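Worksheet: one structure, shown below.
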Amino acid sequence: MPEMILIVDDEPELVRPLEFAFKREGFQTRIAHDGRTALARAAELPRPDVVLLDLMLPDISGTEVCRRLKADPSTRSIPVIMVTARGEEIDRVVGFEVGADDYVVKPFSTRELVLRARAVMRRNVAEAAPVPVADITTFGRLRVDEGGHRVWV
């Protein structure tokens, strides 16, 4: 099943080319033009693999949308990329503090945004992968983790 991208922005002239670019790269897309719709669309099944989120939305700020997504157990693991015209350091810091996984300032390269979305999804999959159990051998009081290159006495 193709990856699902939720694009949240109130500017149709930006949403259309993003939707086209992601579809051309094999993604499915969902669109939301305000924060309330974004929260509802993020909760729909199948869940989006990434949310592209503008900070300046007409009803709820993008930071509040991100905060709510990260607070909800059903949407907590969805990566969020802030896509906004607000590029000051404080804006980026706040974005990361509320749970954004990446931050892209407008104007941006559509190709770069697609690649950033793929990178965030790869990291998300890697973090969710189970950690292999260490193969520890015990010799009396000596324990050896050969794979981890560790020894305990």
Side-chain angles (χ1 to χ4, degrees), residues 1-136 145 147-148 150:
M1 181 175 211
E3 290 98 348
M4 173 70 68
I5 301 291
L6 172 57
I7 303 169
V8 184
D9 200 302
D10 61 336
E11 299 177 43
E13 58 278 352
L14 177 67
V15 171
R16 279 191 297 274
L18 281 178
E19 183 177 27
F20 176 78
F22 277 97
K23 283 184 175 181
R24 187 182 63 221
E25 292 293 324
F27 290 86
Q28 292 181 351
T29 60
R30 282 190 199 142
I31 307 299
H33 296 290
D34 59 66
R36 292 187 204 296
T37 305
L39 291 169
R41 303 294 319 258
E44 292 175 7
L45 295 177
R47 301 262 193 269
D49 295 293
V50 174
V51 175
L52 304 179
L53 180 60
D54 186 18
L55 285 181
M56 296 178 281
L57 298 171
D59 57 349
I60 305 172
S61 74
T63 53
E64 182 59 24
V65 171
C66 186
R67 187 181 334 245
R68 290 183 191 182
L69 288 172
K70 295 303 181 175
D72 184 340
S74 67
T75 57
R76 175 177 295 144
S77 65
I78 302 172
V80 174
I81 300 175
M82 297 281 192
V83 182
T84 180
R86 296 170 64 177
E88 297 296 318
E89 179 185 5
I90 188 66
D91 297 315
R92 293 189 308 270
V93 167
V94 168
F96 287 121
E97 284 179 342
V98 297
D101 296 272
D102 201 353
Y103 197 101
V104 177
V105 179
K106 296 175 184 175
F108 53 83
S109 155
T110 304
R111 181 72 185 135
E112 180 183 355
L113 187 59
V114 170
L115 293 172
R116 283 178 178 263
R118 287 191 192 282
V120 165
M121 284 187 291
R122 274 195 312 273
R123 282 195 305 266
N124 201 42
V125 168
E127 289 172 3
V131 177
V133 177
D135 185 21
I136 298 176
D145 175 5
R150 300 180 295 184

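Bear in mind that the values here come from a model prediction, so they are computed numbers and not experimental data.
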Practice task
Answer yes or no: is there a side-chain heavy-atom contact under 4.5 Å between Arg47 and Ser74?
Solution key: yes
Practice task
Determine the minimum heavy-atom distance between Leu69 and Ala42, stating which atoms define it.
Solution key: CD2-CB, 3.5 Å
Exercise for the section: Indicate yes or no for a side-chain donor-acceptor contact from Asp101 to the backbone of Val80 under 3.5 Å, with no hydrogens or angles considered. Expected result: yes
Handout entry: Asp59 side chain to Gly35 backbone, donor-acceptor under 3.5 Å
Key = yes
Practice task
Inspect the surroundings of CD in Glu13 and state if more than 12 heavy atoms from other residues, nucleotides or ligands are less than 6.0 Å away.
Solution key: yes
Handout entry: Check: Tyr103 and Arg116 side chains under 4.5 Å, non-hydrogen atoms
Key = no
Exercise for the section: Could you check Glu64 against Arg67 for salt bridge (charged side-chain N to carboxylate O under 4.0 Å, His left out), going step by step and ending with a plain yes or no? Expected result: CA-CA 5 Å; Glu64 182 59 24; Arg67 187 181 334 245; 3.2 Å; yes
Handout entry: Note, Glu112 side chain near Val104 side chain (heavy atom, < 4.5 Å)
Key = no
Problem - Side chain to side chain, Glu25 and Ile5, heavy atoms closer than 4.5 Å - result: no
Exercise for the section: Kindly compute the distance separating CD (Gln28) from CG (Leu6), expressed to the nearest 0.5 Å. Expected result: 12.5 Å
Handout entry: Phe20 CZ: over 12 foreign heavy atoms closer than 6.0 Å
Key = no
Handout entry: Residues which pass side-chain hydrogen bond (donor to acceptor under 3.5 Å, both in side chains) with Asp9, listed by chain and number, not counting sequence neighbours
Key = Lys106
Practice task
Without swapping roles, check the side chain of Lys70 against the backbone of Ser77 for a donor-acceptor pair under 3.5 Å.
Solution key: no
Completion exercise
Which of Val65, Asp54, Leu57, Leu55 passes side chain to side chain contact (heavy atoms under 4.5 Å, CB included) with Val8? It is Leu57
Exercise for the section: Side-chain contact test, heavy atoms from C-beta onward, threshold under 4.5 Å: evaluate it for Thr110 versus Pro17 and give yes or no. Expected result: no
Exercise for the section: For the residue pair Glu3 and Val50, establish whether any side-chain heavy-atom pair is separated by less than 4.5 Å. Expected result: no
Exercise for the section: Output yes when a side-chain donor or acceptor of Arg30 lies under 3.5 Å from a complementary backbone atom of Arg41, and no otherwise. Expected result: yes
